Amino acid sequence: MKELKADAKIETKCLHAGYTPKNGEPRVVPIVQSTTYVYDSTNDVADVFDDPTKSLIYSRFENPTTDAVEKKIAALEGGVAAMCTSSGQAATLCSILNICECGDSFIASSAIYGGTINLFAVTFKKLGIECIFVDANATEEDLNAAFKPNTKAVFGETIANPAVNVLDIELWAKAAHAHGVPLIVDNTFATPILCRPIEWGADIVIHSTSKYMDGHAVQVGGVIVDSGKFDWTNGNFPSMTEPDESYHGTVYTEKYSFAPYIVKARMQLMRDFGCYPAANSSFLLNLGLETLAIRMKQYCENGLTVAKFLKSSDKVESVTYAALEDDKCHKLAEKYLPLGVSGVISFAVKGGRPAAIRFMDSLTLASNEVHVADIRTCVLHPASATHRQLTDEQLVAAGIDGGMIRLSVGLENIDDILDDVRQALDKI
Ligand SMILES: *Cc1c(COP(=O)(O)O)cnc(C)c1O
């Protein structure tokens, strides 16, 4: 089989990027269920340690099945390299820890996933890393004012979970670059089918692959993609440009100038934390990725139909879905998400928390579960689940109120989804 042409369209990359079987090899990416890899001599093993990017050492940080998926996701996002992780949380953790140390700070949009807020505000604080939260709709001036001399990164979500705000990626990238630091974008809900943040100036893209990428709710995983575009030699990142004593003096920006960020994340953080996915999980993720393009189009179509229906109901207080023309993020969605804004809708019913609970408990097709961006329609009440640990103030900052429901529209027939939503609204 021939190499995939570099300008292949994204639907084609979903199926073919990352793995090119040679004469007589398996058509499908094989599951390499092995912790370790064999060499002929002590010298061969020493060589692998000298340049771990040349061959495989140990499945705590690299594996051929996962490698194929990493290459596919890097191709989909337009990056130069990627590293899979055992969860989206691990991807977020490593994306920051790869550049921030005790005594550093970074900036994050306040409209982000609840688990990420916890990691940033509570756990990183214990590690001596400060997260400076900034309003998701901050102006350039607000953003610039948030930087401190020790600020090393900026973080936001393309489509925020669960507030479904759209991030002004170009603006946030501009502010980050003006201060010599990278923009990290969590692109979980948009996926590279709807938005490729690197094209808008993001330097690092991360995902919870547990959501649309896998799509079938069969594996928890994450990924970090390196655009290869950020200049780590600008003086702000000595851990990239000075010898790493824990890796026999490697200078990442010199030895691995094609993707120093990802090589460092793998050789330092993944080596030490070991939060790498199992080969079998990567195999399942790859199956999901194969149909990602076609699924995303249908999620967007079903999502828009349901959002319009909710908007027309007198039981509904408000609907947040950036594809709706009067949504506060509609302009941003037109720019960054021209194909659609996924199947995730945030809406509030009239009557607050009790009415929201009544609605959710009346659904018969949509399931009540702690998941989102799945192939099956599902609902969640963020204030009593994923965001339960947040204070009222943090809830407001994250764009969540007691009556708010996160509805993740799946791929069932649209008439069945609408029937279910209609009958549950009638029960309020
Ligand atoms: C779910 C989610 C995460 C965390 O991912 P896990 O795979 O559950 O660890 C991070 N960011 C976003 C936007 C998410 O939706």
Side-chain angles (χ1 to χ4, degrees), residues 66 69 73 77 82-97 108-124 131 133 136 155-167 169 184-195 197 202 204-225 273 275-278 281-282 284-285 288-289 292 296 299 303 320 322 336-337 341-346 369-375 378-380 382 385-390 398-400 406-410:
T66 307
V69 179
I73 295 174
E77 285 289 6
M83 179 178 81
C84 283
T85 57
S86 56
S87 69
Q89 283 298 99
T92 312
L93 171 76
C94 292
S95 74
I96 297 287
L97 277 192
S109 161
S110 59
I112 49 176
Y113 175 63
T116 308
I117 295 179
N118 234 29
L119 171 67
F120 287 0
V122 181
T123 302
F124 275 157
C131 178
F133 287 100
F155 184 99
E157 290 177 7
T158 311
I159 303 174
N161 177 9
V164 296
N165 265 66
V166 179
L167 186 75
I169 302 172
I184 303 172
V185 172
D186 181 336
N187 198 34
T188 297
F189 277 8
T191 81
I193 306 303
L194 304 182
C195 177
I204 307 296
V205 174
I206 65 164
H207 286 271
S208 163
T209 61
S210 324
K211 315 294 166 54
Y212 285 129
M213 278 193 164
D214 160 45
H216 301 76
V218 291
Q219 61 88 44
V220 170
V223 70
I224 307 176
V225 183
F273 296 162
C275 46
Y276 206 57
S281 295
S282 299
L284 294 170
L285 170 57
L289 289 169
L292 184 65
M296 288 316 293
Y299 290 124
T320 309
Y336 296 110
L337 299 152
V341 301
S342 89
V344 186
I345 303 168
S346 165
E369 63 187 36
V370 186
H371 196 37
V372 64
D374 188 16
I375 201 157
C378 55
V379 282
L380 182 89
T386 46
H387 290 65
R388 194 179 182 82
Q389 74 283 7
L390 300 191
I400 295 158
R406 185 185 69 192
L407 173 63
S408 174
V409 179

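Counting starts at 1 for both ligands and their atoms, in listed order. Not measured: the values here are computed from a predicted model.
- The shortest N/O to N/O separation between T116 and ligand 1 does not fall below 3.5 Å.
- The side-chain tip of K211 does not point at the ring of Y299 from less than 6.0 angstrom away and within 45° of straight on.
- Checked against a 3.5 angstrom limit, the closest N/O atoms of S208 and ligand 1 fall inside it.
- Less than 4.0 angstrom separates some heavy atom of E157 from each of these atoms of ligand 1: 13 (C).
- Of all protein heavy atoms, the one closest to atom 11 (N) of ligand 1 is D186 OD2, 2.7 Å.
- Partner M213 forms a side-chain contact (heavy atoms from CB on, under 4.5 Å) with one of V69, T188, L285 and no other, that one being L285.
- Q89 places a side-chain N or O within donor-acceptor distance of the main-chain N or O of G115, the cut-off being under 3.5 Å.
- At least one N/O-N/O distance between S210 and ligand 1 falls below 3.5 Å.
- Scanning the protein for heavy atoms near atom 1 (C) of ligand 1, the closest one is K211 NZ, 1.5 Å.
- For atom 4 (C) of ligand 1, the closest non-hydrogen atom on the protein side is Y113 CE2, 3.4 Å.
- Side-chain contact check for Q219 and T209: at least one donor-acceptor pair (N or O, by modelled atom type) lies under 3.5 Å.
- Taking atom 6 (P) of ligand 1 as the reference point, the nearest protein heavy-atom neighbour is G88 N, 3.3 Å.
- In this structure, N187 CG and I159 CD1 are separated by 8.0 Å, a value rounded to the nearest 0.5 Å.
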